[in-house]
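Whatever order the structure lists them in is the order used to number ligands and atoms, beginning at 1. Source: prediction; values computed, not measured.
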Amino acid sequence: MRALDSGDMVSHVESFPRYVAEAREAETPDPGKTDGVAVAGMGGSGIVGELLAALCRDVLDVPVVALHGPSLPRFVGPGYLFISVSYSGNTEETLSAHRGAVERGCRTLAVTSGGRLVKEERDHLCRVPRGLPPRAALPHLLAPLVGIANHLGADLDLRGASRSLGDPRERAYEIATGIGEEVPLVYGYGPLAPAAYRWKCQVNENAKRHAFWNYFPELDHNEAEAWDGEGFAPVVLRTEDGDMEERVDATLEAALPRERVHQATFEGGLSGVLSAVHLGDWVSLYMAGMRGVDPTPVPKIERVKGLLG
Ligand code: PA5
């Protein structure tokens, strides 16, 4: 796997627990009273907004929304804290959203390693370490958002989460070989839903393969009906004792071929989410290795950016 790995993605994924432990959440400003938090970002940067929104859903009184595009929904106004996350600091959609937020009078915070976003941010800048592929910087990009959420009353423990991250390589290898040539369909729920989305994106970018994701209970009302088991490999990310366990078991009983489903069980909360992300990152690297592709370069993504930039 390492022989193909020009950008050292394997070392970055290996370092994920350390990155979580080192990521700095404490330096974020206290936003005080706020109507809501909007987090704009694309791809490997944007995923942290989805993770934050899911983690805050049941603990904060204000809405936290993740945005993936250049325009702002109408409800984002001067009472909002607007967080722009772009690892490079040069992603057009995120820059446009950021400018829109400034125009609407939002307080802003930019999370980036450099680029134009540094020059454009007027309120508060959180710099993350340079030189990583954006998707490998998830802990660094997430940490300032965790800091904001904790100022607003969440109790997300990044240090504690870093201590609970094990080494999931063996399980990841089993899952990757089990998926083989099939198309993974990754399912989650609650905060494990954006983790399922992260799996899909990592398989796309690292292994250069298709993957799809969905979440309970919604998938029980559509996708469950499509199952005939041909060409697809279901992966279910679940917790030990969540409200959804009975439903997941019923789905495995009624619709999915239980013996072909790859399951992975996690704790609840931030620890479980980061463990799920870490496992998926390894699965995507093993899938890249099995396909003989270099995980780091994303030439098509770069080409699209180049054509539009
Ligand atoms: O993983 C990647 O390289 C992409 O998904 C990027 O994160 C995405 O294109 C956005 O770029 P940036 O993270 O620099 O804003």
*Going only through I, L, V, M, F, W and Y residues with side-chain contacts under 4.5 Å, is there a path from Leu109 to Ile47?*
yes

*Say whether Val111 and Ile148 are linked into one hydrophobic cluster, either directly or through other cluster members, by side-chain heavy-atom distances under 4.5 angstrom.*
yes

Which heavy atom of the protein is the closest neighbour of [atom], given with residue, atom name and distance?
| atom | result |
| --- | --- |
| atom 14 (O) of ligand 1 | Ser88 OG, 2.7 Å |
| atom 13 (O) of ligand 1 | Ser45 OG, 2.5 Å |
| atom 5 (O) of ligand 1 | Gly44 N, 2.9 Å |
| atom 10 (C) of ligand 1 | Met42 O, 3.4 Å |

*Just heavy atoms, cut-off under 4.0 Å: does Pro134 contact ligand 1 by side chain, backbone, both, or neither?*
side chain

*asked:* Within the 4.0 Å heavy-atom shell around Tyr87, which atoms of ligand 1 are there?
replied: 12 (P), 13 (O), 14 (O), 15 (O)

_At less than 4.0 angstrom from any non-hydrogen atom of Ser86, what atoms of ligand 1 do you find?_
12 (P), 14 (O), 15 (O)

*Which is closest to atom 15 (O) of ligand 1 by heavy-atom distance: Ile301, Thr91, Thr296, Val304?*
Thr91

*Among Gln202, Lys305, Glu93, Glu205, which residue places a heavy atom closest to atom 1 (O) of ligand 1?*
Glu205

Between [X] and [Y], does any side-chain donor sit less than 3.5 Å from a side-chain acceptor?
| X | Y | answer |
| --- | --- | --- |
| His12 | Tyr19 | yes |
| Asn214 | Glu218 | no |
| Tyr189 | Thr239 | yes |
| Glu121 | Thr108 | yes |

_SB check Arg198 Asp281 (cutoff 4.0 Å)_ = yes

